[in-house]
Amino acid sequence: MNTLMIEKVKAIDLAQKYGTPLYVISETQIRRKCQEIHRDFLKKYPHTKAVYASKAFLPSAMCYILKEEEIGLDVVSGGEIYTAFKNNFPMDHVEFNGNNKTLEEIELAVKTGVGRIIVDNLQELKTLEKVCQSHNTTANILFRIVPDVESDTHDYISTGHKTSKFGISLENNYFFEVLKEALASPHLIFKGIHFHIGSQLLIIDSHVNATKKALSLIEDIYLKLNTEVEELNIGGGFGIQYLPNDPVHAISYFLNPCMTLIDDFCREHHLKRPKIIIEPGRWIIGEAGTTLYTIGSIKENGQVTYASIDGGMTDNIRPSLYQAKYHAVIANKLNESPLKEVTISGKFCESSDLLIKNIKLPLVETGDILAVMSTGAYNYSMANNYNKQPIPAVVLVHDNVHELIVKRQTYEDLLMQDIIPKRLEQV
Ligand code: LLP
């Protein structure tokens with residue numbers, strides 16, 4: 001068939017029914033990833049847990065899929081806590097990250113019973129303690145550390161280096177001062193250590209290096225304070241395939257080396273192996289997403305052939321922000337041979353709004369449906385209204401069923417928050 005299928009549905013039929021740009025998500029793909037995590041991590045290694053980094057993509061429907069798949073949630077904002085809570089997500093399976101949690105967000109987390117607070121700094125620790133005190137309750141906490149490791153990814157999505165804005169430095173005994181405060185508090189229950197070193201990592205070295213740092217810290221905590229670390233959260237960051245030649249990594253590729261290291265270290269150093277928690281976002285949702293666009297104007301400028309789409313950096317900001325690379329096909333010309341190189345240009349008023357530079361495609365014509373692959377993560381969740389562009393709809397496909405899970409924004413929606421002062425209206 002000369003047409004792209006998403007599960008058992010023709011992409012062009014979705015484009016016609018729901019309009020473009022359109023985010024399409026394969027539910028089967030998400031579930032397959034969750035099941036792989038169960039099989040090759042949670043069942044294989046006892047005393048483990050997986051939470052999905054909801055910043056990657058969190059329409060309400062996602063909460064229900066994850067709940068059914070028995071995967072927890074990692075949240076980083078009041079909005080994400082609210083989304084989980086409103087959708088009856090079991091809040092004890094929610095972990096709250098972030099480097100500047102506001103008082104309001106901390107209160108929301110405490111009131112809704114968020115299971116773990118990943119504390120980023122001393123001020124936050126003090127605020128959390130006060131909030132717990134005033135609600136006469138306790139909070140389970142982990143400390144996010146700066147493991148001081150480099151990772152092989154774009155600078156903007158690297159988070160484990162010495163000068164990272166995230167986490168508590170391990171230099172000059174500072175971490176131990178913060179930890180002692182926590183241990184002295186009747187409202188804070190110290191559970192463990194957390195790190196997250198970066199995103200879209202395709203080699204395992206930095207996870208292994210950070211795990212080594214965390215293990216030696218865990219041993220230090222035991223030796224210095226006689227305190228057992230019950231949990232070690234090794235974050236997310238597991239990379240996916242964007243381009244046809246990118247490697248495709250199973251979850252075991254990332255986790256087996258870390259688990260072997262952890263098990264060996266704990267055995268050799270006579271430590272109780274902590275519960276190991278992972279926080280994948282992109283690895284679960286990235287490849288499940290395809291974005292459909294309609295090709296509009298086509299032109300040659302100098303050496304470059306531009307084919308313009310009806311979306312761009314407002315629905316996928318990643319190429320402009322991180323020089324991210326994507327692969328695409330023409331959904332209605334799937335089996336036609338590539339003819340020449342074109343550059344897929346977005347429609348927004350920025351020269352950086354080029355979705356894909358120099359991709360070889362079959363003859364591109366106005367009205368063709370372009371399908372950009374692996375757009376499930378950090379596309380919809382980073383969408384914006386630049387140039388007053390409405391955010392596209394999201395459709396969930398399962399087998400031959402397709403359903404809207406997020407409505408397309410309308411022009412009216414764009415004005416919903418606007419207020420015109422009376423004195424201006426009178427003019
Ligand atoms: N845990 C923590 C604490 C994180 O900060 C992140 C991502 C994750 C887990 C999940 O990472 P993942 O498994 O999805 O790689 N907007 C960027 C990605 C930023 C990721 C920030 N933190 C992008 O589009 O590439």
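In listed order, ligands and their atoms are each counted from 1. Every value quoted in this text rests on a predicted model; they were computed, and no experiment measured them.
In terms of N/O distances under 3.5 Å, ligand 1 is approached by Gly281. Here's the thing with Trp283: none of its N/O atoms is less than 3.5 angstrom from an N/O atom of ligand 1. Remark: ligand 1 and Gly235 share no N or O pair separated by less than 3.5 Å (distance only, no angle test). Residue contacts with ligand 1: His194 is placed with no nitrogen or oxygen under 3.5 Å of a nitrogen or oxygen of the ligand (distance criterion only). At under 3.5 Å, not a single nitrogen or oxygen of Arg144, backbone or side chain, sits near a nitrogen or oxygen of ligand 1. Among the atoms of Glu279, some N or O lies under 3.5 angstrom from an N or O of ligand 1.
With hydrogens and angles left out, the side-chain atoms of His269 and Tyr222 include no donor and acceptor closer than 3.5 Å. Donor-acceptor pairing under 3.5 Å is lacking for the side chains of Asn140 and Glu231.
Taking a 4.0 Å cut-off on heavy atoms, Pro280 registers as neighbouring ligand 1. A heavy-atom separation below 4.0 Å is not found between Ala377 and ligand 1.
When each of Glu70, His93, Glu95, Glu279 is tested with Lys49 by the rule side-chain hydrogen bond (donor to acceptor under 3.5 Å, both in side chains), just one qualifies, namely His93.
Between His249 and Tyr253, the ring planes are parallel. Angles under 30° get that label, and only those over 60° would be called perpendicular.
At a threshold of 4.5 Å between non-hydrogen side-chain atoms, the residues Phe143 and Leu125 count as touching.
Taking CE from Met259 and CG from Asp264, the interatomic distance works out to 11.0 Å, rounded to the nearest 0.5 Å.
When heavy-atom distances to ligand 1 are checked against a 4.0 Å cut-off, Asp74 comes that close only through its side chain, counted from C-beta outward.
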